[in-house]
*Asks:* 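Just dropping this structure here.
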Amino acid sequence: MDHFTLIDGELHVENVPLARIAAEVGTPVYVYSTATFQRHARVFRDGLAGLKRKHVAFAVKANPNLAVLRLLANEGFGADVVSGGELARALAAGIPASDVVFSGVGKTRAELEQGLQVGIGQFNLELEEEGVVLSALAAARGQRAPATLRVNPDVDAGTHEKISTGKAENKFGLPIHEAKAIFDRLAPLPGLNLRGVAVHIGSQLQSLEPLERAFERVGELVRELRGAGHTVSHVDLGGGLGVPYRASDNPPSPADFGAMVERVTRDWDVELMFEPGRVISANAGVLLTEVLWVKPGGINPWVIVDSAMNDLARVALYDAYHDFEAVRPSGAKFVANVAGPVCESSDVFAKGREIDLVRSGDLAILRSAGAYGATMASTYNSRPLVPEVLVHGDRYEVVAGRISAETIMAEEHVPAWLQ
Ligand SMILES: *Cc1c(COP(=O)(O)O)cnc(C)c1O
């Protein structure tokens, strides 16, 4: 079921016509569907229903909007954060600190301190020295920091190289064959409660097979750690489940994922932790845009839209695919390129693709834009920062306002010696 549908020939999000949002808020604008977020959250939880002890933390970096975080908190999700800013957002959205997991390869000392001060649920350590520093900071406060070691299982996730994190050559995690020795040295530290391991091998995974291989390696490590007398009570299995961007995509379902996890972790006897991002939010949002011009091209016509790579970076960054659809499709199609106004040749959303026939002034959407969309937006070319709207039934609210080029300019100044 989808909550982005044609009603009387016109695209709606739930019961709100996108044309109404365009008229009242302007374009470009991200539009999210509450019902779709809720459905994805429930499908994910249902997929894990067979697991007894579990903790699900939404990967905030996928969509850090406060309203989205609150919506997911209401669905029982904690937060997986990768910076002090994301931690502050999770708390501001009402997620209890104890439900927050702090991941990330470059936490600053100030961020570790911030996590200790608010009492987050878990730190996922990326290297031995980080554990030593965290222990010292925690001990100085009279605390013991709950922590796991994030391991790099050296598994090829089979995804785009820029979103792969679990190969030996990637910067993430510590080599799994060194994990036992590092665990031996960190476990006795007075400021740490080193209680398990974590793994996350990449994003937009199209197959369960690499995940299963990674989890099996983690299972071997858990047995080895216990064999050495360590207590292992928590294993964080990360995120990474792929989503369909094209109608022909067929990623594994949360139910298939849950069944695999159940099988692989049957005798682990731990609390399992999950950090889904994309699978919850990608298809809960679209980027609504207006066609500025249809420009004749050397090969195909160029549909120049008012959204650009600064609003949605995924295509320029990862060669990602986003469906392009007219808000009021006539049924006619043409082969065209779709591009934004930014002065970069990589500011192209589609090339030589058969799309709905559009003309200047028409509204259109780029689908599947709810993950790694607005959060990666910038103001490049001095464009305003793109706003976000959340729809709920027949209502909507602007949940992040458009930040104008003037507001950003107000933070700049020309030094006295130049005046
Ligand atoms: C990015 C990230 C996630 C979420 O990945 P998705 O592919 O969006 O599910 C989870 N855990 C960690 C550590 C991450 O860096």
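Order of appearance sets the numbers: ligands from 1, and atoms from 1 within every ligand. Note that this is a predicted model, so its numbers are computed, not measured.
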*Asks:* Nearest heavy-atom pair of Asn65 and Ala67: which atoms, and what distance?
*Replies:*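 The answer is OD1-N, 2.8 Å.
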*Asks:* Check for me whether Phe172 has a heavy atom closer than 4.0 Å to any atom of ligand 1.
*Replies:*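 Flag not set, Phe172 not near ligand 1.
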*Asks:* Can you tell me which portion of Ile163 lies within the under-4.0 Å heavy-atom range of ligand 1? Options are side chain, backbone, both, or neither.
*Replies:*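 The answer is neither; Ile163 stays 4.0 Å or more away.
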*Asks:* I'd like to know if Val279 contacts ligand 1, where contact means a heavy-atom distance under 4.0 Å to any ligand atom.
*Replies:*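 It does not; every heavy atom stays at 4.0 Å or beyond.
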*Asks:* Run the numbers for me: atoms of ligand 1, each under 4.0 Å from some heavy atom of Gly239, listed by number.
*Replies:*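 By the 4.0 Å cutoff, the relevant atoms are 9 (O), 10 (C).
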*Asks:* Just which atoms of ligand 1 are under 4.0 Å from any heavy atom in Asp80?
*Replies:*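 Those qualifying, in numeric order: 10 (C), 11 (N), 12 (C).
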*Asks:* Heavy-atom contacts under 4.0 Å between His200 and ligand 1: side chain, backbone, both, or neither?
*Replies:*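 The answer is the side chain of His200.
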*Asks:* Applying the side-chain contact (heavy atoms from CB on, under 4.5 Å) test to His322, which of Val286, Leu287, Val315 qualifies?
*Replies:*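 Exactly one option meets the side-chain contact (heavy atoms from CB on, under 4.5 Å) with His322, and it is Val315.
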*Asks:* Taking only distance into account, with no hydrogens and no angle test, what donor-acceptor pairs under 3.5 Å do side-chain atoms of residues 372-380 form with protein atoms, sequence neighbours excluded?
*Replies:*
residue, atom, partner, partner atom, Å
Ser378, OG, Tyr380, N, 3.2
Tyr380, OH, Glu344, OE2, 2.5

*Asks:* Answer side chain, backbone, both or neither: which part of Ala62 comes under 4.0 Å from ligand 1, heavy atoms only.
*Replies:*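 The answer is neither; Ala62 stays 4.0 Å or more away.
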*Asks:* Give me the nearest non-hydrogen protein atom to atom 14 (C) of ligand 1 as residue plus atom name, then the distance to 0.1 Å.
*Replies:*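 Closest protein heavy atom to atom 14 (C) of ligand 1: Lys61 NZ, 2.8 Å.
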*Asks:* Taking side chain as C-beta onward, heavy atoms only, is Leu11 less than 4.5 Å from Glu325?
*Replies:*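 Yes, close enough: below the 4.5 Å cut-off.
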*Asks:* Regarding ligand 1, does Gly277 bring an N or O atom to under 3.5 Å of one of the ligand's N or O atoms?
*Replies:*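 So ligand 1 has an N or O lying under 3.5 Å from an N or O of Gly277.
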*Asks:* Walk me through it: do Tyr321 and Arg367 pass the test side chain to side chain donor-acceptor pair (under 3.5 Å)?
*Replies:* CA-CA 9 Å; Tyr321 177 96; Arg367 270 199 193 254; over 6 Å; no
*Asks:* Taking only heavy atoms of Arg278 into account, list the atoms of ligand 1 that are under 4.0 Å away from them.
*Replies:*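 Once the distances to Arg278 are compared, the set is 6 (P), 8 (O), 9 (O).
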*Asks:* Measure the distance from atom 10 (C) of ligand 1 to every protein heavy atom, then report the residue, atom name and distance (to 0.1 Å) of the closest one.
*Replies:*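 Nearest neighbour among protein heavy atoms for atom 10 (C) of ligand 1, to 0.1 Å: Glu275 O, 3.2 Å.
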*Asks:* Please determine if Ser103 has a nitrogen or oxygen closer than 3.5 Å to a nitrogen or oxygen of ligand 1.
*Replies:*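 In fact, backbone or side chain, Ser103 has no N or O that close.
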*Asks:* Does any N or O of ligand 1 fall below 3.5 Å from an N or O anywhere on Pro276, backbone included?
*Replies:*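 Looking only at distances, the answer is no, because the N/O contact criterion of under 3.5 Å is not met.
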*Asks:* Among protein heavy atoms, which sits nearest to atom 8 (O) of ligand 1, and what does the distance come to when rounded to 0.1 Å?
*Replies:*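 I find the closest protein heavy atom is Tyr372 OH, 2.6 Å.
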*Asks:* In this structure, is the centre-to-centre distance between the rings of Phe172 and His200 below 6.0 Å?
*Replies:*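 Here the rings of Phe172 and His200 have centres that are no less than 6.0 Å from each other.
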*Asks:* Check each atom of ligand 1 against the heavy atoms of Arg150 and keep those under 4.0 Å away; list them by number with element.
*Replies:*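 It comes down to these atoms of ligand 1: 13 (C).
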*Asks:* If the threshold is 4.0 Å, N to carboxylate O, is there a salt bridge linking Asp356 and Lys333?
*Replies:*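 Salt bridge between Asp356 and Lys333, a charged N being under 4.0 Å from a carboxylate O: yes.
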*Asks:* For ligand 1 and Ser203, I'd like to know whether there is a polar contact (N/O to N/O, distance under 3.5 Å).
*Replies:*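 Yes: some nitrogen or oxygen of Ser203 is under 3.5 Å from one in ligand 1.
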*Asks:* List the atom pairs, with distances to 0.1 Å, where a side-chain N or O of residues 81-92 and a protein N or O form a donor-acceptor pair under 3.5 Å, not counting sequence neighbours.
*Replies:*
residue, atom, partner, partner atom, Å
Ser83, OG, Gly85, N, 3.3
Ser83, OG, Glu86, N, 3.0
Glu86, OE1, Val82, N, 2.9
Glu86, OE2, Lys61, N, 3.3
Arg89, NH1, Pro64, O, 2.9

*Asks:* Would you call Glu262 and Arg266 a salt bridge, using N to O less than 4.0 angstrom?
*Replies:*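 No, no charged N to carboxylate O under 4.0 Å.
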*Asks:* Would Glu126 and Lys107 pass as an ion pair if we require N to O under 4.0 Å?
*Replies:*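 No salt bridge links Glu126 with Lys107.
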